[in-house]
*Asks:* 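My questions will all concern the structure given below.
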Amino acid sequence: IPTTILDASSAIIAWYLPDALTDATQKEIWAATDLLAPMLDKSIKLDGIWRTNQEWFTLHSENDVLTPGCVNLSLAWFQQGHENQLDLEVSASLKGPSSEDILKAIARPAAIATVALRVMHPQQYWTGLQAFASLGDKAGSKELLKMSETLQYWAMVFNILTIIYNQETPNHRDHSSIPECFNILTSVGNYLNAQMSMPSLQLEFRYDPGCMIAFSGRIVRHGVHAVEGDQIGWAWYMRDAVHIYAGIPSCGWARGKKSKR
């Protein structure tokens with residue numbers, strides 16, 4: 001059942017929304033991911049960090065278009081090792097000839113995730129809009145043409161979407177995320193026995209197709225077990241360094257009301 005988890009101070013730690021995505025939206029997510037097939041194929045490495053290490057991915061079982069992989073789509077992205085030193089750039093995944101098609105394909109699921117955030121964490125939603133406006137001003141004043149172009153189609157308040165196909169993820173924290181902000185994770189596909197673990201909260205959730213889970217990826221350790229079948233995960237989040245660059249202060253924690261017994 002839909003669930004919110006609060007701490008002792010009434011800060012909302014997590015939202016769990018099974019069956020949040022309709023069948024139509026799940027099909028849209030799958031079709032949009034198909035457009036990224038060439039990038040997914042090139043994203044896997046023989047070694048290195050787990051996010052792209054081939055050992056954490058499983059071969060597709062039924063899909064003849066996609067190969068396992070992990071791709072980041074970002075409106076504003078620092079080159080590795082240059083945070084707060086240079087101007088932001090659009091991620092390489094959105095610099096190719098198919099970038100407009102990709103942005104249009106993700107627009108409706110992006111809008112759904114944004115509306116969900118408006119309910120879950122209103123302060124984060126407004127902070128995201130402020131960052132969006134600030135990046136637009138900077139893109140115009142500094143003549144960052146690709147960012148200005150991307151802004152026309154960027155249909156979300158998050159500044160990064162990570163798309164993952166058939167990957168098991170170890171328990172981890174997302175150190176580039178904003179502590180007080182929610183990451184929103186959605187999952188679609190044809191698979192069984194998926195579990196999202198949060199060991200720091202001593203919780204484990206069913207992660208069935210159509211599920212949506214929101215939580216602080218910076219604070220809460222989390223991971224996704226290997227599944228039986230084909231799974232696509234989309235993770236929406238905001239990078240701390242991007243909001244610092246945009247001059248946007250922290251949004252604070254989402255708070256709820258504890259039920260009375």
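Position 1 is the first residue of the sequence; numbering continues from there.
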*Asks:* Just so I know, are the side chains of Gln195 and Tyr207 near enough to count as touching, which here means a heavy-atom distance under 4.5 Å?
*Replies:*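 No, every pair of side-chain atoms sits at 4.5 Å or beyond.
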*Asks:* Is there a side-chain contact (heavy atoms from CB on, under 4.5 Å) between Met196 and Val224 once you walk through the steps?
*Replies:* CA-CA 5 Å; Met196 164 75 75; Val224 178; 3.8 Å; yes
*Asks:* Going by heavy atoms in the side chains, are Leu117 and Trp236 under 4.5 Å from each other?
*Replies:*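 The answer is no; the side chains never approach within 4.5 Å.
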*Asks:* Group every Ile, Leu, Val, Met, Phe, Trp and Tyr by side-chain heavy-atom contacts under 4.5 Å, then state whether Phe205 and Trp15 land in the same group.
*Replies:*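 No, it is not one cluster - the side chains of Phe205 and Trp15 are not joined through contacts under 4.5 Å.
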*Asks:* Strictly distance-based, threshold 3.5 Å: is any side-chain N or O of Thr3 a donor or acceptor partner for the main-chain N or O of Ile1?
*Replies:*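 Pair found, side chain donor or acceptor close to backbone of Ile1.
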*Asks:* Do Leu21 and Phe215 sit in one hydrophobic cluster, given that two such residues count as connected whenever their side-chain heavy atoms are within less than 4.5 Å of each other, even indirectly?
*Replies:*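 No, Leu21 and Phe215 fall in different hydrophobic clusters.
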*Asks:* Does any donor atom in the side chain of Thr162 or Tyr237 lie under 3.5 Å from an acceptor atom in the other side chain?
*Replies:*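 There is such a pair between these side chains.
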*Asks:* Is a side-chain donor or acceptor of Gln167 paired with a backbone partner of Trp50 at a separation under 3.5 angstrom?
*Replies:*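 Answer holds: yes.
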*Asks:* Using 0.5 Å steps for rounding, measure from the CG atom of Asp19 to the CE atom of Met212.
*Replies:*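 Atom-to-atom, Asp19:CG and Met212:CE are 12.0 Å apart.
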*Asks:* When you measure from the side chain of His222 to the backbone of His172, do you find a donor-acceptor pair of N or O atoms at a distance under 3.5 Å?
*Replies:*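 Such a contact is found between His222 side chain and His172 backbone.
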*Asks:* Is there side-chain contact between Ser197 and Asn171, with heavy atoms separated by less than 4.5 Å?
*Replies:*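 In contact.
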*Asks:* If I compare all heavy atoms of Pro209 with all of Gln26, which pair ends up nearest, and what's the gap?
*Replies:*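 In this case the closest contact between Pro209 and Gln26 is CB-OE1, 3.6 Å.
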*Asks:* Should Leu161 and Val115 be regarded as members of a common hydrophobic cluster, given that ILVMFWY residues are connected when their side-chain heavy atoms come within less than 4.5 Å of each other, either directly or indirectly?
*Replies:*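 No, Leu161 and Val115 fall in different hydrophobic clusters.
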*Asks:* Identify the two heavy atoms, one from Met120 and one from Ala214, that lie closest to each other, and give their separation to 0.1 Å.
*Replies:*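 Distance-wise, the nearest heavy atoms are SD-CB, 3.5 Å.
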*Asks:* Hey, does Met147 have a side-chain heavy atom less than 4.5 Å from the side chain of Leu75?
*Replies:*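 They are in side-chain contact.
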*Asks:* Distance-only, no hydrogens or angles: does the Ser43 side chain make a donor-acceptor pair with backbone N or O of Leu40 under 3.5 Å?
*Replies:*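 Such a contact is found between Ser43 side chain and Leu40 backbone.
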*Asks:* Treating Asp208 as the side-chain partner and Pro18 as the backbone partner, does any N or O pair qualify as donor plus acceptor under 3.5 Å?
*Replies:*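 No; zero donor-acceptor contacts below 3.5 Å.
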*Asks:* Report the distance from atom SG of Cys70 to atom CZ of Arg51, rounding to the nearest 0.5 Å.
*Replies:*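 Interatomic distance, Cys70 SG to Arg51 CZ, rounded to 0.5 Å: 7.5 Å.
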*Asks:* Under 4.5 Å between side-chain heavy atoms, counting indirect links through other Ile/Leu/Val/Met/Phe/Trp/Tyr residues: same cluster for Ile112 and Leu185 or not?
*Replies:*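 Cluster IDs for Ile112 and Leu185 differ.
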*Asks:* Quick one: does Asn183's side chain get under 4.5 Å of Ser177's, heavy atoms only?
*Replies:*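 When only atoms from C-beta onward are counted, Ser177 and Asn183 do touch, with a gap below 4.5 Å.
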*Asks:* Would you check if Ile213 and Tyr16 make a side-chain contact, meaning some heavy-atom pair closer than 4.5 Å?
*Replies:*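 Yes; the side chains approach each other to less than 4.5 Å.
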*Asks:* Do any N or O atoms from the side chain of Ser216 and from the backbone of Ile13 form a donor-acceptor pair under 3.5 angstrom?
*Replies:*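 No, the answer is negative, given that no donor and acceptor are paired below the 3.5 Å cut-off.
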*Asks:* Show your reasoning for whether side-chain contact (heavy atoms from CB on, under 4.5 Å) applies to Thr25 and Thr186.
*Replies:* CA-CA 11 Å; Thr25 300; Thr186 54; over 6 Å; no
*Asks:* Report the distance from atom CG of Leu135 to atom NZ of Lys142, rounding to the nearest 0.5 Å.
*Replies:*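 The NZ atom of Lys142 is 10.5 Å from CG of Leu135, to the nearest 0.5 Å.
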*Asks:* State, with a plain yes or no, whether a side-chain heavy atom of Val157 is found less than 4.5 Å away from one of Phe132.
*Replies:*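 They are not in contact (no side-chain heavy atoms under 4.5 Å apart), so the answer is no.
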*Asks:* Quiz question: by atom type and distance under 3.5 Å, do the side chains of Asp240 and His175 form a donor-acceptor pair?
*Replies:*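 No pair is found: no donor N or O on one side chain lies under 3.5 Å from an acceptor on the other.
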*Asks:* Let me know which of Asp230, Thr67, Asp41 forms a side chain to side chain donor-acceptor pair (under 3.5 Å) with Tyr165.
*Replies:*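 One option only clears the test, and that one is Asp230.
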*Asks:* Please find the pair of heavy atoms, one from Ala139 and one from Leu151, that lie closest to each other, and give the distance.
*Replies:*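 That would be CB-CD1, 4.4 Å.
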*Asks:* When you check the side-chain N and O atoms of Trp234 and Thr33, is any donor under 3.5 Å from an acceptor?
*Replies:*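 Looking only at side-chain atoms, Thr33 and Trp234 do form a donor-acceptor pair, the distance falling under 3.5 Å.
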*Asks:* Taking transitive links into account, so neighbours of neighbours count too, which hydrophobic residues share a cluster with Tyr191 at under 4.5 Å side-chain distance?
*Replies:*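 Members besides Tyr191, by chain and number: Val227.
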*Asks:* Run through Trp253, Phe182, Phe158 and flag the one making a ring pair (Phe, Tyr, Trp, His ring centres under 6.0 Å) with His121.
*Replies:*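 That would be Phe182.
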*Asks:* Using the side-chain contact (heavy atoms from CB on, under 4.5 Å) rule, take Ile106 and Met156 through it: C-alpha gap first, then chi angles, then the decisive distance, then the call.
*Replies:* CA-CA 10 Å; Ile106 70 172; Met156 65 187 101; 3.7 Å; yes
*Asks:* Does any non-hydrogen side-chain atom of Tyr125 lie less than 4.5 Å from one of Val119?
*Replies:*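 Of all side-chain heavy-atom pairs linking Tyr125 with Val119, none is under 4.5 Å.
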*Asks:* Roughly how far, to the nearest 0.5 Å, is the CG atom of Asn72 from the CD1 atom of Ile164?
*Replies:*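 It comes to 8.5 Å.
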*Asks:* Could you pull out all residues at least two apart from Ser99 that satisfy side-chain contact (heavy atoms from CB on, under 4.5 Å)?
*Replies:*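 Only Leu94, Lys146 meet the side-chain contact (heavy atoms from CB on, under 4.5 Å) criterion with Ser99.
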*Asks:* Run the side-chain contact (heavy atoms from CB on, under 4.5 Å) check on Leu103 and Leu73 step by step: do they pass?
*Replies:* CA-CA 9 Å; Leu103 289 167; Leu73 306 179; over 6 Å; no
*Asks:* Assess whether atom CG of Leu46 is packed by more than 12 heavy atoms of other residues, nucleotides or ligands within 6.0 Å.
*Replies:*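 No, because the 6.0 Å sphere around CG of Leu46 holds 12 heavy atoms or fewer from other groups.
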*Asks:* Might you point out which heavy atoms bring Asn53 and Phe57 nearest each other, and give the distance in Å?
*Replies:*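 In this case the closest contact between Asn53 and Phe57 is O-CD1, 3.2 Å.
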*Asks:* Taking all non-hydrogen atoms of both residues into account, name the closest pair between Ala194 and Gln231 and its distance.
*Replies:*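 In terms of heavy atoms, the two residues are closest at CB-NE2, 4.2 Å.
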*Asks:* How far does CG of Leu203 sit from CD1 of Ile5, to the nearest 0.5 angstrom?
*Replies:*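 Here the rounded value is 4.5 Å.
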*Asks:* Is it the case that one hydrophobic cluster holds both Leu36 and Ile29, taking links as side-chain heavy atoms less than 4.5 Å apart, direct or via other members?
*Replies:*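 In one cluster: yes.
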*Asks:* Nearest heavy-atom pair of Val90 and Lys95: which atoms, and what distance?
*Replies:*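 Looking at all heavy atoms of both residues, the shortest contact is O-CE, 2.9 Å.
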*Asks:* Would you confirm whether Gln124, through its side chain, and Cys181, through its main-chain N or O, come within 3.5 Å as a donor-acceptor pair?
*Replies:*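 Answer holds: no.
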*Asks:* Under the rule for ring-ring contact (aromatic ring centres under 6.0 Å, His included), what residues qualify as partners of His243, not counting sequence neighbours?
*Replies:*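 For His243, no residue satisfies ring-ring contact (aromatic ring centres under 6.0 Å, His included) once neighbours in sequence are set aside.
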*Asks:* Nearest 0.5 Å please: distance from the CG atom of Asp7 over to the CD1 atom of Ile219.
*Replies:*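 With rounding to 0.5 Å, CG (Asp7) is 11.0 Å from CD1 (Ile219).
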*Asks:* Under 6.0 Å from the CZ atom of Arg255, do we count more than 12 heavy atoms belonging to anything else shown?
*Replies:*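 For Arg255, atom CZ is crowded (more than 12 foreign heavy atoms under 6.0 Å).
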